Number of protein chains: 2
Amino acid sequence: MKKITIADVAAHANVSKSTVSQFLNKRYDYMGEETKKRIETAVTELGYRPNIIARSLKQKSTKTIGVIVANILHVFSTQVIRAIEDFCHESNFHVIVCNADDDPVKEKRYIEMLRAKQVDGIIAFPTGENMELYQGLLDERYPFVFMDRLVPGIHMDAVLLDNKRASELAVDQFVKAGYKKIGMISPLIDMPVTPRLERIQGYKTALAKYNLSFQPEYLASGAFTDMQMIIQQMLSLSDPPEALLALNDRVLFEILQYAKDHHVNIPNDLAIIGIDDVSFASFYYPTLTTISQPAFKMGKKAAQLLFKQINQEDQGTAAQVYRFPPQLIDRESC
Amino acid sequence: MKKITIADVAAHANVSKSTVSQFLNKRYDYMGEETKKRIETAVTELGYRPNIIARSLKQKSTKTIGVIVANILHVFSTQVIRAIEDFCHESNFHVIVCNADDDPVKEKRYIEMLRAKQVDGIIAFPTGENMELYQGLLDERYPFVFMDRLVPGIHMDAVLLDNKRASELAVDQFVKAGYKKIGMISPLIDMPVTPRLERIQGYKTALAKYNLSFQPEYLASGAFTDMQMIIQQMLSLSDPPEALLALNDRVLFEILQYAKDHHVNIPNDLAIIGIDDVSFASFYYPTLTTISQPAFKMGKKAAQLLFKQINQEDQGTAAQVYRFPPQLIDRESC
DNA sequence: CTGAAAGCGCTTACAG
DNA sequence: CTGAAAGCGCTTACAG
């Protein structure tokens with residue numbers, strides 16, 4: 001079955017390719033009724049389907065953007081992607097999803113491949129390790145938006161949670177409930193990923209606000225494979241924390257697993273707040289106090305920023321970092 | 001900043017475009033060392049980046065596939081996408097993700113758009129409502145694989161869970177634990193979606209296997225907004241079920257929410273098994289017995305099948321349905 | 001061993 | 001109101 005092209009339609013309708021093209025692009029300013037109809041029937045009779053690749057080559061726009069996440073298995077990434085996809089759908093754009101797995105080499109490959117594919121722009125959770133690449137993008141004014149993470153020295157549009165505020169909300173809540181010995185558990189800080197850094201910073205600043213001195217033993221980080229041991233160590237201190245802030249959902253899982261396995265009563269033995277609202281927060285025993293991120297709003301904002309760049313509506317405006325407010329969801333674990 | 005094309009590289013290296021193209025495609029059969037070097041330096045000096053769109057137009061392959069899921073927010077979809085993406089990555093393919101939201105109109109639009117974009121194939125969770133479209137795809141031998149769902153009458157390659165077996169595993173476990181009054185809750189069956197139909201069928205068959213008569217009042221389905229009420233009704237029967245099978249994770253959430261809100265003790269008042277392993281199963285109170293699906297294996301298989309079709313290695317072989325075995329994860333809720 | 005030429009399927013100034 | 005022609009950036013038989 002031979003592919004039907006615009007030439008076939010033109011022949012079948014007895015007009016030129018140009019006219020068919022005008023018709024398809026709804027530029028019928030001066031087109032005769034008769035001509036329109038002939039083309040229309042030719043299109044349906046032949047089952048013509050335009051080849052957008054050919055159009056893209058000419059128009060230099062593929063109506064496609066790339067989204068590079070660290071890992072699509074993370075709920076936050078999923079929500080961000082969904083928001084971006086919905087936004088793109090309205091403008092008839094498509095999105096190519098890539099998982100960089102926090103690997104700078106993969107990230108670089110993906111960015112280059114996406115550009116070779118002529119995507120109109122990219123939204124990425126940057127690894128932060130491809131400085132020259134990011135700077136090159138910026139110099140070229142290639143449409144690009146950072147999501148969730150910042151890269152020091154690279155002044156790119158970016159959408160982030162107000163991470164410090166997230167930790168502050170948690171500490172506020174702990175203090176309000178009467179806790180003074182407040183610990184925090186973080187994933188491994190193998191690279192300087194913004195949310196981790198800022199949430200830890202926010203935790204320290206919030207403690208200071210209440211004149212609570214920061215205890216280094218109350219802050220631990222490590223790989224998930226070691227996390228049970230890390231939690232064990234912290235809770236075995238001679239003077240252990242009475243409240244624990246989980247830096248993200250994955251850490252929260254580990255803490256809950258530990259509590260379950262070692263019969264730690266929440267919140268009596270240990271109060272808990274997790275950053276990231278989790279699916280089971282409202283029916284866990286006890287229900288879980290969490291700090292949620294407006295993932296959909298953030299994804300939408302990133303898409304809007306990218307489209308502004310693509311449509312060159314950002315001329316003259318400097319790159320900006322947009323901070324979104326976290327929200328405390330007050331339940332029973334604290 | 002003008003785009004560098006293959007013509008620029010050719011001029012800079014003092015060779016023809018053909019030769020540059022040969023070089024880029026690593027066909028150096030007869031190429032002089034000297035020539036190679038000249039081209040190589042030209043490429044790096046100019047910072048040349050090939051335009052894959054142009055290549056695609058000529059070669060009639062975009063090295064891109066489309067994946068149409070019902071909703072990327074579902075964990076199962078996410079896992080399937082991740083597996084597909086990983087598989088594609090090895091072959092330097094990219095994936096465009098679309099959410100059809102169980103809307104046949106959206107599904108149709110997406111399939112047409114993806115084809116217009118010349119993707120090399122599509123994997124879809126079909127709505128089941130675009131019969132002519134599916135049949136047309138099949139007639140054209142367009143590379144296409146159904147995921148998670150079947151469409152009666154359309155003989156397309158498909159990858160599914162052995163859904164009946166999933167329900168059977170659950171009923172087996174309930175019976176083993178001494179339960180005879182076994183109910184099941186399902187989402188709304190507004191359209192004949194394979195997993196729902198088959199899981200319900202499997203539940204009935206498994207009951208029969210144990211000579212347990214099927215009680216219509218023990219099987220309920222409805223919208224999630226009504227689900228609390230539906231559960232309430234079932235548990236308020238004069239002779240209510242003592243064990244409940246949740247058709248999927250979303251239903252499980254609703255049952256757990258109900259149990260929490262109404263102080264129903266699991267498993268003493270009510271034993272529960274959910275199809276879909278959930279993130280918190282191992283640290284819930286009690287830990288949750290679940291039936292897991294091998295989502296990654298299923299995604300990979302779908303990608304393999306699609307690639308076989310794309311590479312035309314499926315000539316002469318009839319379309320097949322691949323069934324993957326569910327697995328019981330024995331915990332404490334039953 | 002390398003190059004000229006045609007062509008992939010569109011769009012778009014321009015001419016008439 | 002419509003068409004001929006050039007061109008988007010590649011690849012690929014074919015000639016030499």
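Chain A is the first sequence line, chain B the second, and so forth, proteins listed ahead of strands; every chain is numbered from 1. These numbers come from a predicted model, not from an experiment.
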*Map B:Lys60 and B:Asn14 onto DNA chain C by nearest heavy atom, then report which one ends up closer to the 5' terminus.*
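Residue closer to the 5' terminus by nearest nucleotide: B:Asn14.
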*B:Ala54 or B:Val15, whichever maps to the more 5' nucleotide of DNA chain C*: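 In this pair, the answer is B:Val15.
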Whole-Å distance between [N] [atom2] and [X] [atom1]?
| X | N | atom1 | atom2 | answer |
| --- | --- | --- | --- | --- |
| B:Ile6 | D:dG9 | CD1 | P | 11 Å |
| A:Ile4 | C:dG9 | CD1 | P | 11 Å |
| A:Leu24 | C:dT12 | CG | P | 12 Å |
| B:Asn25 | D:dT12 | CG | P | 7 Å |
| A:Phe23 | C:dT11 | CZ | P | 13 Å |
| A:Gln118 | D:dC8 | CD | P | 14 Å |
| A:Lys58 | C:dT11 | NZ | P | 10 Å |
| A:Arg49 | C:dG9 | CZ | C1' | 14 Å |

*Is it true that B:Asp314 and B:Lys308 have a side-chain N and a carboxylate O under 4.0 angstrom from each other?*
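Between B:Lys308 and B:Asp314 there is no salt bridge, as every charged N stays at least 4.0 Å from the carboxylate O atoms.
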Just to confirm, is there a sub-4.0 Å distance from OP1 or OP2 of [N] to any side-chain nitrogen or oxygen of [X]?
| X | N | answer |
| --- | --- | --- |
| A:Lys36 | D:dC1 | no |
| B:Gln22 | C:dC1 | no |
| A:Asn51 | C:dC8 | no |
| A:Thr35 | D:dT2 | yes |
| A:Lys17 | D:dT2 | no |
| B:Ser18 | C:dG3 | no |

*Strand partner of C:dA4, provided both Watson-Crick or wobble distances fall under 3.5 Å*: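 With both distances under 3.5 Å required, C:dA4 matches none.
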*Please give the nucleotide sitting opposite D:dA13 as a Watson-Crick or G-U wobble pair, both distances under 3.5 Å, or none.*
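No nucleotide pairs with D:dA13.
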*asked:* Closest-nucleotide mapping onto DNA chain D: is B:Thr19 or B:Ile53 further toward the 5' terminus? I mean the 5' end.
replied: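 That would be B:Ile53.
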*Take A:Arg38 and A:Asn14 through the side chain to side chain contact (heavy atoms under 4.5 Å, CB included) test and state the conclusion after the steps.*
CA-CA 8 Å; A:Arg38 279 218 313 282; A:Asn14 249 306; 4.3 Å; yes
*asked:* Starting the side chain at C-beta, find the nucleotide from C:dG3, D:dT11, C:dT11 nearest to B:Ser16.
replied: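 Of C:dG3, D:dT11, C:dT11, C:dG3 is nearest to the side chain of B:Ser16.
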*Is a side-chain donor-acceptor pair under 3.5 Å present for B:Gln135 with B:Glu132?*
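No donor-acceptor contact under 3.5 Å links the two side chains.
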*Does A:Lys63 NZ have over 12 foreign heavy atoms under 6.0 Å away?*
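Yes.
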*Kindly indicate whether a cation-pi arrangement holds for B:Arg82 with B:Phe296, taking the cut-offs as under 6.0 Å to the six-membered ring centre and within 45° of the axis.*
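No cation-pi geometry.
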